[in-house]
Amino acid sequence: MNNISVVIPAFKAESLISRTIQSILGAGVQPGNIFVIEDGVFDDTSKALKQFDEINYISYEKNKGAPYARNLGLSKVKTKYVMFIDSDDFVSQDLISGLVSAAEKTAADMAFGPWRYDGNYINQGEIRQPPELPPHDWVFHWINNSSVPTCSVLWKTTNIKKIGGWNENLKKNQDGEVAIRGLINSKNLAISTKGYSTYWQHKSPNRVSNASPAVTLFTSDIVYEHIIELIESNSNLLDKKSLLGQYCCQNAWLAQAAGHLDKTAKVWLERSKSLGYKKLGYNPITIRLSELLGFKKAVIAKFIILKIINKAPQQFISYKYK
């Protein structure tokens with residue numbers, strides 16, 4: 001395939017990046033269309049890349065964050081389509097060709113494909129198939145049900161450049177924020193059923209998932225502003241306000257659980273109520289807990305329940321991307 005490029009942001013990636021690149025080459029991407037951006041030199045990533053002498057490799061000394069690395073790689077892309085695959089994730093042989101084919105058939109600005117969880121501390125998950133929904137419906141599905149990791153998202157290059165690429169001010173959920181902007185500004189979204197990507201999980205102090213609640217809520221606030229603007233500019237989406245309210249309620253729980261963000265939790269609850277969402281929970285379990293205990297006590301109860309679950313044997317724990 002000559003019409004697809006892949007950008008790989010790399011940070012302390014020496015142990016897994018070879019697997020990532022081999023999978024991308026095996027999926028049919030030309031070596032000259034692979035861009036590895038080493039986001040700060042902290043290990044022997046460069047040595048691991050020596051076996052791939054035809055790929056593009058850019059390195060700089062100081063860590064500037066994955067969004068910066070992705071944008072730098074994007075600036076080099078000349079192909080019609082682009083994907084952003086992290087240095088620990090990998091793809092099956094037919095994922096990328098399936099995404100390109102689906103996008104070509106519908107002249108799509110974005111395409112989603114199947115994916116699964118795996119990692120060195122969790123059991124391999126089942127392959128998850130994104131549902132067929134219009135772009136704006138996907139916005140609300142994304143924030144309240146399930147999203148798609150960036151390793152299974154294909155972009156039309158002109159589309160992601162048009163919306164400004166990745167937000168370099170964000171430290172958490174950058175992939176969700178850029179996907180929401182993309183969906184808001186997409187005319188067509190394609191869904192592929194071919195292949196799958198593997199969204200790799202590992203315990204590392206450097207993982208973005210270890211970010212503080214305040215950092216997460218900063219991104220959530222930006223996402224909220226994107227979606228409220230979408231609703232207010234489209235009268236046919238007014239019935240979706242309560243779905244945004246549900247998202248606000250979820251963020252209220254996150255803020256309250258932090259222990260020092262009570263005022264922030266109150267703001268999110270007020271937003272939720274103003275959007276017509278009448279519950280104090282955001283899913284069946286939290287709704288029931290809040291009905292029984294009230295909001296604040298329900299948040300504490302959920303925290304206790306999660307502590308118990310996390311001590312349970314691995315086979316009794318299910319994982320849901322959120």
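None of the values given here were measured: they were computed from a predicted structure.
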How close do Ala298 and Leu293 get, heavy atom to heavy atom, and via which atoms? N-CB, 3.9 Å

Examine distances only and state if a side-chain atom of Gln129 and a backbone atom of Pro114 form a donor-acceptor pair shorter than 3.5 Å. no

Cluster question for you: counting only ILVMFWY and a side-chain heavy-atom cut-off of under 4.5 Å, with indirect links fine, are Leu269 and Ile287 together? no

Please give me the minimum heavy-atom distance between Ser97 and Met1, naming the atom from each residue. CA-SD, 3.7 Å

Do Ser242 side-chain atoms and Tyr277 backbone N/O form a donor-acceptor pair below 3.5 Å? no

Could you tell me whether a side-chain N or O of Ser192 sits under 3.5 Å from a main-chain N or O of Ala102, the two making a donor and an acceptor? no

Do Ser5 and Tyr81 have side chains that get closer than 4.5 Å, going by heavy atoms? no

Please answer: with hydrophobic residues joined when any side-chain heavy atoms are less than 4.5 Å apart, are Leu237 and Tyr247 in the same cluster? yes

I'd like to know if the side chain of Ser186 reaches the main chain of Gly182, judged simply by a donor and an acceptor atom lying under 3.5 Å from each other, with no hydrogens or angles considered. yes

Which pair of non-hydrogen atoms, one from Pro67 and one from Glu168, has the smallest distance, and what is that distance? CB-CA, 3.7 Å

Donor-acceptor contact present, side-chain Asp137 to main-chain Leu133, <3.5 Å: no

Shared hydrophobic cluster, Tyr224 / Leu170 (ILVMFWY, side-chain heavy atoms < 4.5 Å): no

Are the side chains of Asn251 and Arg271 in contact, using a 4.5 Å heavy-atom criterion? no

Does a side-chain heavy-atom distance below 4.5 Å link Leu74 with Val82? yes

What distance do Asn33 atom CG and Lys78 atom NZ have between them, rounded to the nearest 0.5 Å? 11.5 Å

Between Glu104 and Lys80, does any NZ, NE, NH1 or NH2 come within less than 4.0 Å of an OD or OE carboxylate oxygen? yes

Student check: side-chain heavy atoms of Thr20 and Trp200 closer than 4.5 Å: no

Do Tyr60 and Tyr68 touch side chain to side chain, with heavy atoms closer than 4.5 Å? yes

If Ile, Leu, Val, Met, Phe, Trp and Tyr residues are connected whenever their side-chain heavy atoms lie under 4.5 Å apart, and connections chain through other members, are Ile191 and Leu183 in the same group? yes

Any side-chain heavy atom of Ser152 sitting closer than 4.5 Å to one from Leu95? yes

Would you please say whether a donor-acceptor pair under 3.5 Å links the side chains of Asn167 and Gln174? no

Strictly below 4.0 Å, N to O, side chains only: are Lys273 and Glu270 in salt-bridge contact? no

For the pair Trp166 and Phe84, evaluate ring pair (Phe, Tyr, Trp, His ring centres under 6.0 Å) and give the outcome as yes or no after the intermediate values. CA-CA 11 Å; Trp166 297 76; Phe84 301 88; 5.3 Å; yes

Would a single hydrophobic cluster contain both Met83 and Trp115, if residues Ile, Leu, Val, Met, Phe, Trp and Tyr are joined by side-chain heavy-atom contacts under 4.5 Å? no

Side chains of Phe295 and Gln256, heavy atoms from C-beta outward: is any pair under 4.5 Å? yes

Can you check whether Phe90's main-chain N or O pairs, donor with acceptor, with Ser197's side chain at less than 3.5 Å? no

Start with the C-alpha distance between Phe11 and Phe42, add both sets of side-chain angles, then the distance that settles ring pair (Phe, Tyr, Trp, His ring centres under 6.0 Å), and finish with yes or no. CA-CA 8 Å; Phe11 176 72; Phe42 300 101; 5.4 Å; yes

Run through Val178, Ile8, Asp86 and flag the one making a side chain to side chain contact (heavy atoms under 4.5 Å, CB included) with Arg70. Asp86

Is there a donor-acceptor contact under 3.5 Å from the side chain of Asp88 to the main chain of Ala13? no

Aromatic ring pairing Phe112/Trp138, orientation class (parallel under 30°, perpendicular over 60°, tilted between): perpendicular

Quick check against the 3.5 Å criterion: does Asn188 have a side-chain atom that pairs as donor or acceptor with the backbone of Asp109? no

Between the main-chain N or O of Lys64 and the side-chain N or O of Asp39, is there a donor-acceptor pair closer than 3.5 Å? yes

Between CD1 of Ile34 and CD of Glu54, what distance do you get to the nearest 0.5 Å? 10.0 Å

Examine distances only and state if a side-chain atom of Arg181 and a backbone atom of Ile163 form a donor-acceptor pair shorter than 3.5 Å. yes

